[in-house]
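We use all heavy atoms of the structure for the numbers below, so side chains are in, but hydrogens, waters and symmetry mates are not.
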Amino acid sequence: MKVIDSSPVLRELLDTRWHKLLEPSLHLLDELDLSLDFATSVPAVENVLRAFDCDPRAVKVVIFGQDPYPNQDHAMGLAFSVPADVEPLPASLKNIFKELKSDLAIVRSNGDLSDWSDQGVLLLNMSLTVLPNESGSHSKVGWQEITEKIIKDIAKRGALAVLWGREAQLMSEHFAPEDLFTAPHPSPLSVYRGFYESKPFSKVNKRLAEKGLTPIKW
C-alpha cells in the first residue's frame, strides 16, 4: 500500500488493479476525501483501502462486515481482522475462531486474516472508516455506494458470499442462492442465535470445490 505525505488522496491509495472496476465511482472517493477527516477516524488512512490490496479477478469469496473496529489498535482495513500482536482478540473474532475450530478443527489464535485475503477472500466492510468508539458513525457518509458497487461486480464474477448479520445480508440479492452463506453476526449479542454450528468454512470450501476452485486454507 502506498502512503502519501500530504493530504490523503484515496484514488492514489487504491490499488490500480481496482481502478477499472470502480472507474464510474472514483469520483465518490474524491468526494470522501473532501468530506472526511482521516486524522480523526479509523483505520489509519494508509489502511482504509487495504481490502483492495489484491487482484479483483482472484476474489473467490467475500466476507462482508458492517464497519471497522472503532479502535485504532484493532482496525487494519480488513473486515474482522486485527494486527497479529493484538491480545485479547475482539469478541466477534474470538467467536469466529471458535466456529472455525468446531467446523474444521482448526485452532487459530493470530487475529491477522491477511492470509485469507491472500487466497482470494475479500474482507470488506460496508463502511471503510468509523469514528473512534462510535460504531456505525460513518454509515451514511457515502461508503456504501462504493462497497455495494464492488459487491455487485464480485457477485457477477461468481464469487461466494459469507454474510453475517442483518446489515451484511442486505447484499444477499446480488448472489446466487447456491453461492450464499448467511448466519447471525458473531458478536456476543447474536452468536447463539445461529452463528455457532453454521459451518461457513466447510460449506464455502465444498462449494469452491464444486466450482473447480481451490479451497481456502482457513
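Put simply, NZ on K98 and CG on L93 are 11.5 Å apart, with the number rounded to the nearest 0.5 Å. Taken to the nearest 0.5 Å, the CG atom of N47 stands 11.5 Å off from the CG atom of L128. To the nearest 0.5 angstrom, S202 atom OG is 8.0 Å from E99 atom CD. A distance of 9.0 Å separates OH of Y69 from CG of N125, quoted to the nearest 0.5 Å. Taking CG from L26 and CZ from R11, the interatomic distance works out to 4.5 Å, rounded to the nearest 0.5 Å. Here the straight-line distance linking atom NE2 of H185 with atom OG of S92 works out to 5.0 Å at 0.5 Å rounding.
Counting only heavy atoms from C-beta outward, the side chains of L10 and V48 approach each other to under 4.5 Å. Under the 4.5 Å side-chain criterion, counting only non-hydrogen atoms from C-beta, D53 is not in contact with S117. Inter-residue side-chain proximity for N205 and L208 is flagged as met; some heavy-atom pair is nearer than 4.5 Å. Annotation: side chain of I216 is not in contact with side chain of F201 (no heavy-atom distance under 4.5 Å). Two residues are said to be in side-chain contact when any heavy atoms from C-beta on lie closer than 4.5 Å; V121 and L123 meet this criterion. Using a 4.5 Å heavy-atom cutoff, the side chains of W18 and D55 are not in contact. Using a 4.5 Å heavy-atom cutoff, the side chains of L22 and F52 are not in contact. Put simply, the side chain of I63 reaches to within 4.5 Å of the side chain of W164, judged on heavy atoms.
Using a 4.5 Å cut-off between side-chain heavy atoms of Ile, Leu, Val, Met, Phe, Trp and Tyr, with links allowed through other members, V62 and L49 fall into the same hydrophobic cluster. In this structure, V107 is not a member of the same hydrophobic cluster as F97, with clusters built from ILVMFWY side-chain heavy atoms closer than 4.5 Å. A chain of hydrophobic side-chain contacts below 4.5 Å, direct or via other Ile, Leu, Val, Met, Phe, Trp or Tyr residues, connects L28 to L13. When hydrophobic clusters are built by joining Ile, Leu, Val, Met, Phe, Trp and Tyr residues whose side-chain heavy atoms come closer than 4.5 Å, directly or via intermediates, L163 is not grouped with L160. If you chain together hydrophobic residues whose side chains sit under 4.5 Å apart, V42 and V45 never meet in one group.
At least one donor-acceptor pair under 3.5 Å links the side chain of Q169 to the backbone N or O of A183. Q144 places a side-chain N or O within donor-acceptor distance of the main-chain N or O of S139, the cut-off being under 3.5 Å. Between the side chain of N95 and the backbone N or O of P186 there is at least one donor-acceptor pair closer than 3.5 Å. Side chain of K60 to backbone of P215: no donor-acceptor contact under 3.5 angstrom is found.
The minimum heavy-atom distance between V141 and H138, with the atom names listed, is CG2-O, 3.3 Å. Summarising the geometry of S135 relative to P70, their closest heavy-atom pair is OG-CG, 3.6 Å, with the distance given to 0.1 Å. Scanning both residues, E134 and S137, for their nearest heavy atoms gives O-OG, 2.7 Å.
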request  = Step by step, work out the side-chain hydrogen bond (donor to acceptor under 3.5 Å, both in side chains) result for S102 and E197.
outcome  = CA-CA 7 Å; S102 172; E197 300 303 321; 3.3 Å; yes
ask   = Given K101 and I106, is the side-chain contact (heavy atoms from CB on, under 4.5 Å) satisfied, shown in steps?
value = CA-CA 5 Å; K101 181 181 179 181; I106 294 173; over 6 Å; no
key: Steps toward side-chain hydrogen bond (donor to acceptor under 3.5 Å, both in side chains) verdict (S114, R50)   = CA-CA 10 Å; S114 297; R50 185 170 175 181; 3.2 Å; yes
request  = Go through T129 and W143 one step at a time and tell me if the side-chain hydrogen bond (donor to acceptor under 3.5 Å, both in side chains) criterion holds.
outcome  = CA-CA 8 Å; T129 57; W143 281 121; 2.8 Å; yes
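Salt-bridge check for D179 with K211: passed, with a basic side-chain N closer than 4.0 Å to an acidic carboxylate O. Between D115 and K217 there is no salt bridge, since no side-chain N of the basic residue sits under 4.0 Å from a carboxylate O of the acidic one. A salt bridge does not link K20 to E23: none of the charged nitrogens lies less than 4.0 Å from a carboxylate oxygen.
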Donor-acceptor contacts under 3.5 Å from residues 72-83 side chains, at least two apart:
from: Q72; atom 1: OE1; to: A44; atom 2: N; distance (Å): 3.1
from: S81; atom 1: OG; to: G111; atom 2: O; distance (Å): 3.3
from: S81; atom 1: OG; to: L113; atom 2: N; distance (Å): 2.8

Run the side-chain donor-acceptor check on residues 148-156: report pairs under 3.5 Å with partners two or more places apart or on a different chain.
from: E148; atom 1: OE2; to: H174; atom 2: NE2; distance (Å): 2.9
from: K149; atom 1: NZ; to: L21; atom 2: O; distance (Å): 2.9
from: D153; atom 1: OD2; to: R157; atom 2: NE; distance (Å): 2.6
from: D153; atom 1: OD2; to: R157; atom 2: NH2; distance (Å): 3.4

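Heavy atoms of other residues, nucleotides or ligands lying less than 6.0 angstrom from CD of E87 number 12 at most.
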